[in-house]
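We count ligands from 1, going down the list as the structure has it; atoms in each ligand are counted the same way.
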Amino acid sequence: MSTTKTKVLGLCKKWSSCLKSDLLSGAVSKNSQIRTVTSSSSTSAGGNAGILAAEFYIPHRYVSQAELEKFDKVSSGKYTVGLGQSQMAFVDDREDINSIALTAVDRLLKRYNLDPKSIGRLDVGTESLVDKSKSTKTTLMQLFAPSGNRDIEGATVMNACYGGTASLLNSVAWVNSPEAHGRYAIYVACDIAVYEPGPARPTGGVGAVACLVGPDAPLALVPGARHSHSVDVYDFYKPKMSSEYPAVDGKLSQSCYVTAVDDCYAGTISKLEKIRATQIKSVEEAFDHVAFHSPYNKLVQQSFKRMLFNDARRLVSRGEALPDALAALAPFASLPASQTLANKDLDKLLSSIGGDLYKRMVGPSETISKNIGNSYTGALHMNLMSLLGDAHAGGAHLEGKSIGAFSYGSGAIATMMAFKARNPSKKSTLFSLSTIAKTLSVASRLKERVEASPEEFTNALILREAFYGKIGATPAGSIDNVPAGAFFLKEVTKEGGRVYAQK
Ligand code: ACO
């Protein structure tokens, strides 16, 4: 087996001036050192492919869900307890999917001193399309133009909230292929989730995640452990080309999501049992942490409890006794699956069990999404950012931990994956769990934002409605609401081209 060596430059000179102010102290090397990445020229990248480095973008403004309850004149607690959400991020017409993706990828490249020439693949997942042909992926190529690197595969993938996960899986497959030649992939998971006024509106949100993918990763995807569930259903879709708003059957989308959890969890458990050559009795034996796609936090809580219910069903089907913690589920555990969906008695019982386990296993991954809302295809990946950046569970604490990740995109396709958190075998590498945690600095980034009133939130969405599909136009939203260093939309030319600038 022959081996190729590829030199990856730490940082080109042009970039170094803009980097100084942007580097997080101690998070990454400030030297323009030459590092050497060695990869096999055959189909293997050396194993443990996954997330090497991670960045995210969240907007400057958010609206409080408690204030929104008052504004919408719904009962107190409906959004904060009923949906489990605290805050919702939003943008007006000054920012679009391309600008937020540009900001996330720009941060990733700069904060990790990555040479743009070291990237050979770029996949973007989004459903917030602004053009029916020109992709966000190709818009992002403006970040690579100064380096002269045009040899970057990948495109934009669209399937509701699943495109980001498809992009991750594409990136990992490419890194493990002979096409990589020792280069890295980047995947981006991003969306701007907006709903027309009504019960779905408080389940909006905005965010973009950009991750570097390569071998010997701190967050490695476990090969052979994932399980998917894909069906043809109209639970959430966007049939109106003239509107940004989706058509949504809320109740159907909830039951499709939960059915996908059942199916994916059962499949993943049986694959993990084969890999580990042992029976798995509980979610705790399967994983140390679980992160979910999070349309709103209550559905995440319900889905984790559903996994406990699946544990009870599996034990009963194997003729094993239920542990004390699950004993109350016995009357439901042998019912046909269809009778356990939308079963109010079971839902009530599940809401009363497993609270501490939820806090320990899922709590560290829920911080960002509870405070920005649903970033659609970004949501699961944002939740992984929360976990990686969590002060108590993230960073070095994660070493050796197993992480389950559930992704759901309406229409529908869902996948449950398993990750292994590890420190890379190369001690010299910049890419470690600690570096990721420091770079993400989740808590301080959430604090840096400003609260806006429900009126400002509503006005921002009115601006977006008025601007949607416009050509030969300049956005009306103030650049004051764009954080320093972020990209924003300057204009849409009369031909329909979109022009961006960086604040
Ligand atoms: N205090 C506490 N809880 C309350 C209160 C209150 N004052 N009022 C209502 N609730 C609870 C309800 O009991 C319900 O709880 P449950 O889920 O345990 O049954 C919950 O709040 C939601 O209230 P509902 O009246 O059932 O539903 P609503 O009409 O508000 O719609 C929905 C909620 C369907 C999630 C809506 O916001 C929606 O359609 N969102 C978009 C679709 C979506 O997110 N789907 C999920 C998967 S697909 C995706 O990611 C896009």
Side-chain angles (χ1 to χ4, degrees), residues 65-86 88 125-128 158-165 189-207 229-231 233-239 244-262 264 291-306 309 341-353 355 358 369-370 372-383 406-415:
Q65 291 282 6
E67 292 302 313
L68 211 52
E69 286 169 355
K70 292 181 214 155
F71 181 77
D72 288 347
K73 299 187 174 55
V74 298
S75 58
S76 169
K78 181 157 198 238
Y79 303 160
T80 48
V81 180
L83 298 175
Q85 289 297 119
S86 304
M88 177 169 47
T126 185
E127 56 169 296
S128 310
M158 195 270 307
N159 189 103
C161 306
Y162 189 81
T165 295
C190 51
D191 267 313
I192 297 174
V194 285
Y195 292 91
E196 61 191 8
R201 182 159 270 199
T203 61
V206 182
H229 164 100
S230 189
V231 292
V233 62
Y234 280 89
D235 58 332
F236 167 110
Y237 46 112
K238 292 181 177 168
E244 194 175 19
Y245 296 137
V248 55
D249 181 336
K251 297 291 169 208
L252 179 62
S253 72
Q254 289 165 326
S255 72
C256 289
Y257 181 108
V258 172
T259 303
V261 170
D262 285 354
C264 289
F292 291 86
H293 167 56
S294 52
Y296 53 94
N297 185 258
K298 180 78 161 290
L299 191 56
V300 172
Q301 296 170 34
Q302 290 164 333
S303 299
F304 180 74
K305 305 297 182 73
R306 190 77 194 175
F309 176 60
L341 286 167
N343 182 324
K344 287 281 167 205
D345 294 332
L346 174 60
D347 291 348
K348 203 171 158 201
L349 180 57
L350 286 174
S351 71
S352 67
I353 66 168
Y358 174 87
S369 284
K370 271 177 105 164
I372 66 162
N374 190 1
S375 51
Y376 285 162
T377 197
L380 166 67
H381 305 271
M382 208 53 101
N383 295 336
F406 174 73
S407 181
Y408 176 83
S410 292
I413 175 150
T415 297

Just need the protein heavy atom nearest to [atom], so name the residue and atom and give the distance.
atom: atom 47 (C) of ligand 1; answer: Pro295 CG, 3.6 Å
atom: atom 33 (C) of ligand 1; answer: Leu83 CD2, 4.2 Å
atom: atom 30 (O) of ligand 1; answer: Lys78 NZ, 2.5 Å
atom: atom 35 (C) of ligand 1; answer: Tyr296 CE2, 3.3 Å
atom: atom 43 (C) of ligand 1; answer: Ser253 OG, 3.7 Å
atom: atom 40 (N) of ligand 1; answer: Thr203 OG1, 3.2 Å
atom: atom 50 (O) of ligand 1; answer: His293 NE2, 2.8 Å
atom: atom 2 (C) of ligand 1; answer: Gly77 O, 3.5 Å

TODO: State if Arg201 counts as touching ligand 1 under the rule of any non-hydrogen atom under 4.0 Å.
DONE: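 Arg201: no contact with ligand 1 (<4.0 Å).
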TODO: Report yes or no: does a heavy atom of Glu69 sit under 4.0 Å from some atom of ligand 1?
DONE: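 Checking ligand 1 against Glu69, which is what was asked, there is no heavy-atom contact under 4.0 Å.
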Task: Region of Asn374 that comes within reach of ligand 1 [heavy atoms, distance under 4.0 Å] - done: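 Under 4.0 Å from ligand 1, Asn374 contributes side-chain atoms alone.
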Task: Proximity of Pro199 to ligand 1 by residue part, where a heavy atom lies under 4.0 Å - done: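 The answer is both.
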So for ligand 1, is [X] a polar contact partner (N or O within less than 3.5 Å, distance only)?
X: Tyr408; result: no
X: Tyr257; result: no
X: Tyr195; result: no

Where ligand 1 meets [X] - atom numbers and elements under 4.0 angstrom, heavy-atom basis:
X: Ser410; value: 48 (S)
X: Gln302; value: 16 (P), 17 (O), 18 (O)
X: Cys161; value: 50 (O)
X: Ser76; value: 1 (N), 6 (C), 7 (N)
X: Phe236; value: 51 (C)
X: Gly250; value: 34 (C), 39 (O)
X: Gln254; value: 34 (C), 35 (C)

Open item on the list: Below 30° counts as parallel, above 60° as perpendicular, anything between as tilted: where do the rings of Tyr234 and Tyr237 land?
Closed with: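 Tyr234 vs Tyr237 ring planes: perpendicular.
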Indicate yes or no: at least one non-hydrogen side-chain atom of [X] is less than 4.5 angstrom from one of [Y].
X: Phe236; Y: Pro295; result: no
X: His381; Y: Thr165; result: yes
X: Ser86; Y: Gln65; result: no
X: Phe406; Y: Ser303; result: no
X: Leu341; Y: Arg306; result: yes
X: Asp235; Y: Tyr408; result: yes

Look at [atom] and find which of [options] reaches it with the closest heavy atom.
atom: atom 19 (O) of ligand 1; options: Lys298, Lys251, Lys344; result: Lys344
atom: atom 11 (C) of ligand 1; options: Ser75, Gly82, Ala200; result: Gly82
atom: atom 42 (C) of ligand 1; options: Asp191, Val81, Val248; result: Val248

TODO: Search all heavy atoms of Cys264 against all heavy atoms of His229 and return the closest pair with its distance.
DONE: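 Of all heavy-atom pairs spanning Cys264 and His229, the closest is SG-CB, 3.7 Å.
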Task: Any protein heavy atom nearer than 4.0 Å to atom 13 (O) of ligand 1 - done: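 Within 4.0 Å of atom 13 (O) of ligand 1, no protein heavy atoms are found.
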Exercise: do [X] and [Y] side chains pair donor with acceptor under 3.5 Å:
X: Tyr79; Y: Arg201; answer: no
X: Thr126; Y: Asp191; answer: yes
X: Asn374; Y: Thr203; answer: no
X: Gln302; Y: Tyr257; answer: no
X: Thr377; Y: His293; answer: no

Task: Whether Ser407 side chain and Tyr162 backbone form a donor-acceptor pair below 3.5 Å - done: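 Between the backbone of Tyr162 and the side chain of Ser407 there is no qualifying donor-acceptor contact (under 3.5 Å).
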Open item on the list: Could you check whether any side-chain N or O of Glu196 sits under 3.5 Å from a backbone N or O of Ala247, counting only pairs where one atom can act as donor and the other as acceptor?
Closed with: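 Checked: no pair found.
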